[in-house]
Amino acid sequence: MGRGAEVEFAVKRNVMDRIIDTIEAIAAVFVGLVAADIFLSVLLRRFFSVQIPDSYDFGRMLLGILIFWGIAATSYRGGHITVDLVWASASKRWKRVIDIFATLVLLFVVTVQTYTLFDKVRATYNDNVLTYDLGLPTWPFFAIAWAGDVSAVVLIAIRTWRLIFHPEDLHDESPAAR
């Protein structure tokens with residue numbers, strides 16, 4: 001590989017790493033928002049006998065957003081809990097084949113999930129579904145959750161690319177990779 005190709009590859013890799021880091025940071029922000037919503041709701045209810053309007057709706061929708069952005073955050077790193085006796089007993093070459101196959105299946109499943117979640121966003125928008133107390137439209141929350149699912153597809157695609165062409169670039173946090 002020539003010097004120009006190495007620089008181009010480094011730039012692409014850095015762009016991919018920035019995308020990964022940005023998606024993980026957004027997921028972390030939603031963890032903080034859910035925690036703050038729960039903390040404030042409990043604090044206000046317990047000590048001031050006050051309830052935040054639409055607290056239940058916001059908590060429910062923020063939790064949904066957190067779930068989809070959490071899927072995005074865990075999809076790339078491979079740090080989620082896995083148990084696979086076949087993979088553990090396979091040779092290094094077959095482990096890679098299994099990883100590529102499993103990641104391709106995950107990519108397909110999450111892509112279909114993203115497509116169906118978009119239908120939910122569209123239906124919520126078309127049906128003008130509103131929150132109970134304040135009457136706010138709920139479709140933006142569903143759209144943000146859908147964006148998390150799209151991010152998961154992007155990260156799984158990056159992981160698949162790296163598994164196939166550049167496995168040394170994976171930032172795997174699974175115990176088997178260490």
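All values derive from a computational prediction rather than experimental measurement.
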Provide the closest heavy-atom pair for Ala27 versus Leu66 in the form atom of the first, atom of the second, distance.
O-CD1, 4.0 Å
Can you check whether Val129's main-chain N or O pairs, donor with acceptor, with Thr138's side chain at less than 3.5 Å?
yes
Is there a path from Val105 to Val154 through hydrophobic residues (I, L, V, M, F, W, Y) whose side chains come within less than 4.5 Å of each other?
no
Calculate, to the nearest 0.5 Å, the distance between atoms CZ and OG1 belonging to Phe101 and Thr160 respectively.
12.0 Å
Spacing of Ile156 atom CD1 and Thr103 atom OG1 [to the nearest 0.5 Å]
8.0 Å
Same cluster for Phe118 and Ile71 if Ile/Leu/Val/Met/Phe/Trp/Tyr side chains link at under 4.5 Å?
yes
Do Ile38 and Val29 share a hydrophobic cluster (ILVMFWY, side-chain heavy atoms under 4.5 Å, transitive)?
yes
Might you work through the side chain to side chain contact (heavy atoms under 4.5 Å, CB included) test for Asp119 and Arg122, ending with a clear yes or no?
CA-CA 5 Å; Asp119 282 345; Arg122 190 180 64 220; 3.2 Å; yes
So CG of Leu155 and CD of Glu24: to nearest 0.5 Å the spacing works out to 7.0 Å
Do the side chain of Trp139 and the main chain of Val121 share a donor and acceptor less than 3.5 angstrom apart?
no
Indicate the atoms forming the closest heavy-atom contact of Phe142 with Lys120, along with that distance.
CE2-CE, 3.7 Å
Nearest atoms (heavy-atom pairs only) where Asp37 meets Gly59:
OD2-CA, 3.3 Å
Below 4.0 angstrom, N of the basic side chain to O of the carboxylate: do Arg60 and Asp57 qualify?
yes
Does this structure show an ion pair linking Arg96 with Asp99, if we count only N-O contacts that are shorter than 4.0 Å?
no
State, yes or no, whether a side-chain contact exists between Leu136 and Phe58 at a heavy-atom distance under 4.5 Å.
yes
For Asp133, does its backbone N or O pair with a side-chain atom of Asp54 as donor and acceptor, under 3.5 Å?
yes
State yes or no: do Leu63 and Val42 share one hydrophobic cluster built from I, L, V, M, F, W and Y residues joined by side-chain heavy-atom distances below 4.5 Å, directly or via other members?
yes
Closest heavy-atom pair, Ser41 versus Ile52, reported as atoms and distance to 0.1 Å, is OG-CD1, 3.9 Å
Taking every heavy atom of Ala152 against every heavy atom of Val110, the minimum-distance pair comes out as CB-CG1, 3.9 Å
So, for Leu107 and Ala157, which heavy atoms are closest and what is the spacing to 0.1 Å?
CD1-N, 4.0 Å
Applying side chain to side chain contact (heavy atoms under 4.5 Å, CB included) to Arg159 and Leu106, what does each step give before you reach the verdict?
CA-CA 11 Å; Arg159 180 174 176 80; Leu106 180 64; over 6 Å; no
Reported CG-to-CD1 distance for the pair Leu62 and Ile67, which is rounded to 0.5 angstrom:
11.0 Å
With side chain to side chain contact (heavy atoms under 4.5 Å, CB included) as the test, would you mind laying out the steps for Phe30 and Ile26 before giving the verdict?
CA-CA 7 Å; Phe30 286 117; Ile26 291 170; 3.5 Å; yes
Supply the atom-to-atom distance Gln113 CD to Thr111 OG1, rounded to the nearest 0.5 angstrom.
9.5 Å
What's the spacing between Trp161 CH2 and Ile100 CD1 if we round to 0.5 Å?
12.0 Å
Would the distance check show the side chain of Trp146 and the main-chain N or O of Thr114 forming a donor-acceptor pair, the cut-off being under 3.5 Å?
yes
Please determine whether residues Leu134 and Leu33 belong to a single hydrophobic cluster, defined as Ile, Leu, Val, Met, Phe, Trp and Tyr linked transitively by side-chain heavy-atom distances below 4.5 Å.
yes
Checking side chain to side chain contact (heavy atoms under 4.5 Å, CB included) for the pair Phe68/Ile144: CA distance, chi angles, key distance, verdict?
CA-CA 9 Å; Phe68 287 106; Ile144 294 169; over 6 Å; no
Ignoring hydrogens and angles, tell me if any N or O in the side chain of Trp94 forms a donor-acceptor pair with the backbone of Ser89 under 3.5 Å.
no
Residue among Thr22, Asp17, Ile23 satisfying side chain to side chain contact (heavy atoms under 4.5 Å, CB included) with Ile19:
Ile23
